[in-house]
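Heads up: the structure comes next, in structure tokens.
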Amino acid sequence: MALSATITSFGQNQRPTTMKYPVTHKGETVDVYFDTKVADPYRWLEDDKSAETGAWVKAQNKVTYDYLAQIPFRDVLKERMEKLWNYEKIGAPFKEGNFTYYYKNNGLQNQSVLYRKDAKGTETVFLDPNTFSKDGTTSLGGLDFSKDGSKVAYAISEGGSDWRKVIIMDAITQKIIEDTIVDVKFSGVSWKGNEGFYYSSYDKPKGSELSAKTDQHKLYFHKLGTPQKQDQIIFGADQKRRYVGGSVTEDDHYLVITASTSTYGNELYIQDLTKPNSPIVSIVDNFKSDNSIIDNEGTKLFIETDSNAPNKRIIMVDVNNPQPENWKDFIAETENVLSPTTGGGYIFANYMKDAVSVVKQYDYSGKMIREIKLPALGTAGGFGGKKKEKTLYYSFTNYLSPGTIYSFEPKSGKSVVYDKPKVDFKSEDYVSKQVFYTSKDGTKIPMMITHKKGLKLDGKNPTILYGYGGFNISLTPSFSIANAVWMENGGIYAVPNLRGGGEYGKKWHDAGIKMQKQNVFDDFIAAAEYLIAQNYTSSSFLAIRGGSNGGLLVGATMTQRPDLMKVALPAVGVMDMLRYHTFTSGAGWAYDYGTSQDSKEMFAYIKGYSPVNNVKQGIQYPATMVTTGDHDDRVVPAHSFKFAAELQEKQTGPNPTLIRIDVNAGHGAGKSVAATIQENVDIQAFTLYNMGVTELQKLAE
């Protein structure tokens, strides 16, 4: 069953022209930045623990859900979304000890279940996160097995929080073997043999753990059989770092430590675990480049770095003299951005060429074995595994193809479909193409545009323009059920690769940071103007969408060019740019943003685009639905609360400005399938309704 959208014009009687919002009282708070006074009337909404904020959340959600309930096709949209979502999803298998493990979701399970098979092929459930909580809001946040596979440490997240608990279990008997490790944040778990594991965390902050600042990360070692209070601090006690990570090499010989003060640039250290009390040795002693050890062969280290290589390279160096002056190129930098993995005794160089994957296989002598033939233009990921593995796995997806898993024999280069999902979506009826458009300063920007074949270019197609543009993150093609439903209804889905992202390496990233941040908004505005100029859509049928840093993108774009779009959908956005660095781990984002305290010039620049500070009285803003979670401790919900309050106070005209606040939800990770479906339904229903859609008609297949 497919659906199509019927578009009509609204009559005055079809929906209210004025919205009644909860009263958001204004406080007297005024801050002074370099002799400039800045009012912050909604500062009180930063207190996530107050009864007043809780009442405000409840009142806003009532207005929002009452509005959404009147949309006549919301239930039809949900029915279709659930039907399309309801297919079995299987992850790539991996071996630990005598078992093969894999994740599986039967379709609409809130969380995927971890299964395992023994040597005889008998399948059993190993961990079912759906049993962790009644409402599906507790999720599995990662796990790691001891070297022989006999023990496992797995992390859980409650209510979407970045704070984790780590549970230690005997993997053979599936019995919990000691007390839960608590207050773990921004951390993996990495075992040293079978005796214990490394993890990272902050001291628990005073005040709200959801919003108070956390900025001294420490690496700990937990020895099995001892209480957490005896866990040894390995790194970070005497030198303040915002992010510290530790991992053990596959051969168990070395502990690798990364340390950084921001989201870009890290120091790199190594410790020989074969010698008791050996020193921690510095490899990179500054924050000017990103560096990670991807593997070792004996004392030979292989390091991925963008030092003197903006698109990244792999170098080789001996652990006894590992400093940069001794580095030798192993895989030299190319014009395309490199992202390597290792497995089966090989190194796989995954390159991004205009935001799509090209994968080359190398042996440990540096010889290229082959370029791996991929099914089409899209995104390939995987190829990782232990050195002894004879079979590896990779996934492939694009905007039209659901993620398919392939098994791959590294020796022969043979690829075979391992699992292809059965989705009720006819991808052959759709087209996805890449275009290049020109931004304000003449820079060429790539954009993928995906829609139904035979689409009429009449400027009346509902279009979602999705962007991010920051933190060296690359938006590469991937399939989404929500986007499939959008396109079934005649919608266009467009994704530009904005500056600030990582699609073209460090130079591309740096062209969209600090006092170049406006480039990102200009790139996004130019993408919208391209779609309108080419008659894909028009301002009456254009929605802009983005989350986190992409939420900032949407907030800045809609306040700078409110005329450009009909609908704005900022999710979990960084909206108060003058104060972002005062919450949780926000100070770590300063490489991308700078802070309002850096200098008078930086303050003025940031204030010039900060969404909360640029909502003006008497402007007609687009129909807006801000989305956030009340437990978001990455980008605290106060950002979204304050932005919504500003919009509701100052909006002129009939366009609704709503905020939809998920309760017991965080920044997005681990969100239940039911909550994810409902959020996507509400976003699409709100968007289409405000573009003039009155009904979705069921059509025979």
Side-chain angles (χ1 to χ4, degrees), residues 1-5 68 71 73-92 102-115 128-133 135-140 160 378-379 395-405 419-430 432 450-452 462 464 466 477-491 493 495 545 547 569 571 625 627 629 660 662 664-665 668-688 696-699 701:
M1 190 74 73
L3 309 171
S4 72
L68 293 169
I71 299 175
F73 51 82
R74 185 178 175 220
D75 290 344
V76 177
L77 204 54
K78 185 175 182 181
E79 187 186 324
R80 179 57 181 159
M81 192 91 71
E82 283 182 340
K83 187 177 181 219
L84 209 55
W85 211 290
N86 192 10
Y87 68 92
E88 187 177 73
K89 304 157 189 78
I90 296 177
Y102 49 94
Y103 290 93
K104 186 163 73 174
N105 190 308
N106 65 18
L108 294 175
Q109 285 174 294
N110 278 327
Q111 310 285 345
S112 292
V113 178
L114 182 58
Y115 290 83
D128 183 359
N130 299 292
T131 64
F132 291 173
S133 63
D135 59 0
T137 60
T138 300
S139 59
L140 183 62
T379 306
S395 62
F396 180 84
T397 184
N398 56 31
Y399 291 116
L400 300 179
S401 309
T404 298
I405 296 172
D419 181 71
K420 186 173 185 177
K422 297 173 180 67
V423 184
D424 182 24
F425 176 72
K426 295 182 176 176
S427 54
E428 64 274 14
D429 293 346
Y430 296 79
S432 190
T450 311
H451 55 77
K452 229 178 228 174
I464 290 177
Y466 181 88
S478 65
F479 184 78
S480 152
I481 291 295
N483 292 340
V485 172
W486 175 257
M487 293 188 296
E488 279 187 338
N489 289 323
Y493 187 69
V495 182
R545 186 177 181 186
L569 303 163
M625 188 161 72
T627 53
R660 182 188 185 280
D662 262 336
N664 265 338
K671 187 180 283 191
S672 71
V673 165
T676 303
I677 288 174
Q678 190 61 62
E679 183 180 54
N680 278 294
V681 166
D682 289 349
I683 284 169
Q684 291 190 23
F686 177 85
T687 301
L688 290 168
L696 297 180
Q697 296 177 329
K698 292 187 178 183
L699 300 175
E701 287 182 350

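We count residues from 1, following the sequence as given.
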* For Phe479, which of Thr397, Leu400, Thr379 qualifies under side-chain contact (heavy atoms from CB on, under 4.5 Å)? ->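 Only match with Phe479 under side-chain contact (heavy atoms from CB on, under 4.5 Å): Thr397.
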
I need the minimum non-hydrogen distance between [X] and [Y], along with the two atoms involved.
{"X": "Gln111", "Y": "Pro129", "result": "CB-CB, 3.7 Å"}
{"X": "Gly91", "Y": "Ile405", "result": "C-CD1, 3.5 Å"}
{"X": "Asn680", "Y": "Arg545", "result": "OD1-NH2, 3.4 Å"}
{"X": "Leu84", "Y": "Ala484", "result": "CD2-CB, 3.9 Å"}
{"X": "Thr450", "Y": "Ser432", "result": "OG1-OG, 2.8 Å"}

First locate atom [atom1] of [X], then atom [atom2] of [Y], and finally report the distance between them rounded to the nearest 0.5 Å.
{"X": "Leu688", "Y": "Phe686", "atom1": "CG", "atom2": "CZ", "result": "11.0 Å"}
{"X": "Ser112", "Y": "Tyr103", "atom1": "OG", "atom2": "OH", "result": "9.0 Å"}
{"X": "Asp128", "Y": "Lys104", "atom1": "CG", "atom2": "NZ", "result": "12.0 Å"}
{"X": "Ile71", "Y": "Thr687", "atom1": "CD1", "atom2": "OG1", "result": "9.0 Å"}
{"X": "Ser139", "Y": "Asn130", "atom1": "OG", "atom2": "CG", "result": "10.5 Å"}
{"X": "Tyr87", "Y": "Asp424", "atom1": "OH", "atom2": "CG", "result": "12.0 Å"}

Just so I know, are the side chains of [X] and [Y] near enough to count as touching, which here means a heavy-atom distance under 4.5 Å?
{"X": "Pro462", "Y": "Trp486", "result": "yes"}
{"X": "Asn483", "Y": "Tyr466", "result": "no"}
{"X": "Met625", "Y": "Ile683", "result": "yes"}
{"X": "Leu68", "Y": "Arg74", "result": "yes"}
{"X": "Val681", "Y": "Gln678", "result": "yes"}

* Under the side chain to side chain donor-acceptor pair (under 3.5 Å) test, which residues partner Thr404, sequence neighbours left out? ->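 Checked Thr404 against side chain to side chain donor-acceptor pair (under 3.5 Å); zero matches.
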
* Taking atom CG of Asn106 as the centre, does the number of heavy atoms from other residues, nucleotides or ligands within less than 6.0 Å exceed 12? ->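 Yes.
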
* **Aromatic ring proximity Tyr430/Phe425, centre distance under 6.0 Å** =>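 Yes: the rings meet the under 6.0 Å criterion.
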
* **Exam field: side chain Lys452 to backbone Asp429, donor-acceptor pair closer than 3.5 Å** =>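 Between the backbone of Asp429 and the side chain of Lys452 there is no qualifying donor-acceptor contact (under 3.5 Å).
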
* State whether the side chain of Ser133 and the backbone N or O of Thr138 hold a donor-acceptor pair below 3.5 Å, judged by distance alone. =>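 Confirmed, Ser133 side chain pairs with Thr138 backbone.
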
* Asked: With sequence neighbours left out, what residues match Glu82 under side-chain contact (heavy atoms from CB on, under 4.5 Å)?
  ->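 Expected list: Lys78, Ile677.
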
